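Okay, so here's the structure we're looking at.
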Amino acid sequence: MTELKTGGQHGYLRIATEEAFMPEEAIDLYAEVLDGPDPDPGFVSLWGFYLRSTDERSRFIRESLIDLGARRLADMDARGIDRQIIALTAPGTQILRTDKAVALARLANDQLGEACLAHPDRFTGMAACAPQDGAEAAKEIERAVHKYGMRAVIINSHINGEYLDNPKFYPVLEAAEALDIPIYIHPNTPSRDMIRPMLDVGLDGAIFGFGVETGMHALRLITTGTIDRFPKLQIIIGHMGEALPYWMYRLDYMHRAGVKAGRYEAMKPLKKEKISDYLRENYTITNSGMAWEAAIKFAQENLGIDRVMYAMDYPYQCPAEEVAALDAMHMSAADKKKFFQTNAERVFKLDGQGAG
Ligand code: 1DF
Ligand code: MN
């Protein structure tokens, strides 16, 4: 395995930017929600499955999520991952009652933060928060950044059917902007209002529903003028930008037409000319779950070479063959280094952390 241990021999380090963990304590909190009154249907589909499934992949996922030590490092070594950028797995705090959500965010940040301090050359953390309480969330983000050197905020998409453009969540956006750290909007299952026709046929999860929900969330931040209000905000989205790069032409065309006609009260002119300007200037995407050269090149060409980063999505999707396939992409050495290493170093400001 030693020849896979690091990407360094290829002229780049491999920094995986959408990697998940979960405090063991979250298992009981999730079980309580599942057994409680009228649980969220997406949550039942996702965690009703992963908590109880005896399938081999589910068992691997459960065991890997709660490990922030030897087991995770061995899995990274075996796959040739130099550094993981780690976040509280979906839906994180966002399915919990506010008091429990606040407590889980703190616990998650303490566990992840200690692991990052113990392995500064291998782990970087994203700060969890409970956006249900905006002011408290801002404080917790600041604590995680100052105490543990966390380099981003994780938001697991919708918050009980609400989105970050809702003013009640502005304190989270203000904190990220003030601390100069990006927000990673990670997928969640679609909200109650969106999920029904996906759930009927098993399309609600990572196969498709995640991307619809999260792509829309990312897009709302642009069309509602939220990025205009927080113009320095940098957003990261996974899964090749949850399909948004492929939509850019139509988004630009129909947005212009809709605004000109005054079709929607809530769709006002924006400061930038086009939706795609925001995607190119305020968004960075990762290829989590998409080890697909053609899609990566399309995004590099249309978003910009500095806007596409490598991610694995450990432990949900982590075959070593995907790393090998990405190493073998037909791409200049300079561009490949940006993809695997230096874009992440810039976006997460990794220069102070370990050997890089
Ligand atoms: C799954 C996929 C679950 C991803 C995840 O978190 C997740 C899955 C609960 O396969 O059920 O982060 N993913 O990002 O692709
Ligand atoms: Mn993920």
Side-chain angles (χ1 to χ4, degrees), residues 15-24 26-27 29-31 33-34 39-67 72 75 79 81 84-96 104 108 112 124-126 128 152-159 182-191 195 198-199 202-215 217-218 235-244 284-292 295 309-319 322 344:
I15 301 175
T17 57
E18 188 198 298
E19 316 309 305
F21 98 107
M22 163 163 112
E24 195 164 8
I27 292 175
L29 292 169
Y30 282 5
V33 174
L34 289 170
D40 177 83
F43 184 69
V44 173
S45 173
L46 187 68
W47 281 99
F49 173 69
Y50 282 124
L51 281 192
R52 279 143 203 184
S53 166
T54 56
D55 165 73
E56 193 187 329
R57 173 176 175 258
S58 310
R59 198 188 309 258
F60 172 82
I61 287 170
R62 277 197 303 271
E63 288 171 4
S64 305
L65 278 173
I66 61 177
D67 183 281
R72 181 174 296 254
D75 283 343
R79 291 158 178 77
I81 302 303
Q84 284 193 346
I85 316 285
I86 305 173
L88 177 62
T89 201
T93 63
Q94 291 164 220
I95 194 68
L96 302 176
L104 179 61
L112 179 57
T124 298
M126 297 193 221
V153 177
I154 182 73
I155 296 291
N156 285 298
S157 203
H158 76 86
I159 303 113
I183 298 178
Y184 202 122
I185 304 183
H186 182 279
N188 189 358
T189 44
S191 66
I195 200 169
M198 299 189 203
L199 202 48
L203 292 175
D204 52 292
I207 185 173
F208 189 70
F210 273 27
V212 175
E213 150 69 25
T214 313
H217 192 166
I235 306 289
I236 305 171
I237 44 178
H239 313 98
M240 292 317 301
E242 313 295 0
L244 292 177
T284 303
I285 73 167
T286 82
N287 81 311
S288 51
M290 292 271 226
W292 189 8
M309 302 189 288
Y310 171 64
M312 174 170 263
D313 215 356
Y314 178 87
Y316 294 100
Q317 184 174 336
C318 52
E322 293 192 346

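In each ligand, atom 1 is the first atom listed, and ligand 1 is the first ligand listed. Computed from a predicted structure; not experimentally measured.
Close approach of ligand 1 to Arg57 (heavy-atom distance below 4.0 Å) involves ligand atoms 8 (C), 10 (O). For ligand 1, the atoms sitting less than 4.0 Å from at least one non-hydrogen atom of Leu46 are 9 (C), 11 (O), numbered in the order shown with element in parentheses. Near Asp313, meaning under 4.0 Å from any of its heavy atoms, are these atoms of ligand 1: 4 (C), 12 (O), 13 (N), 14 (O), 15 (O). Close approach of ligand 1 to Ala206 is summarised as follows: ligand atoms under 4.0 Å from at least one heavy atom of the residue are 1 (C), 2 (C), 8 (C), 10 (O). Each of the atoms 6 (O), 9 (C) of ligand 1 lies under 4.0 Å from some heavy atom of Thr89.
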Test log, rule side-chain hydrogen bond (donor to acceptor under 3.5 Å, both in side chains), inputs Thr189 and Asp204: CA-CA 6 Å; Thr189 44; Asp204 52 292; over 6 Å; no

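Checking Gln317, Met290, Arg79, Met312 one by one against Glu322, the side-chain contact (heavy atoms from CB on, under 4.5 Å) holds for a single residue, Gln317.
For the residue pair Asp75/Tyr314, the side-chain donor-acceptor check at 3.5 Å is satisfied. A donor-acceptor pair shorter than 3.5 Å cannot be found between the side chains of Ser191 and His158. Checked by atom type, the side-chain pair Glu18/Tyr184 shows a donor-acceptor distance below 3.5 Å.
The protein atom (non-hydrogen) at minimum distance from atom 11 (O) of ligand 1 is Tyr50 OH, 2.6 Å. What sits closest to atom 7 (C) of ligand 1 on the protein, heavy atoms only, is Tyr316 CD1, 3.5 Å.
Note on ligand 1: Ala90 sits in its first shell, one or more heavy atoms being nearer than 4.0 Å.
For the Mn ion (ligand 2), the N/O/S atoms of His239 include none lying under 2.8 Å. Inclusion of Glu18 in the first shell of the Mn ion (ligand 2) is supported: an N, O or S atom falls under 2.8 Å.
Phe43 has its ring centre less than 6.0 Å from the ring centre of Tyr30.
Counting just the N/O/S atoms of Asp313, the one with the shortest distance to the Mn ion (ligand 2) is named OD1.
Within the 4.5 Å cutoff, the side chain of Ile86 has no heavy atoms near those of the Thr124 side chain.
Of all non-hydrogen atoms in Ile81 and Ala16, the two that sit nearest each other are CG2-CB, 3.9 Å.
The proximity of His186 to ligand 1, defined as any non-hydrogen pair under 4.0 Å, is limited to the side chain.
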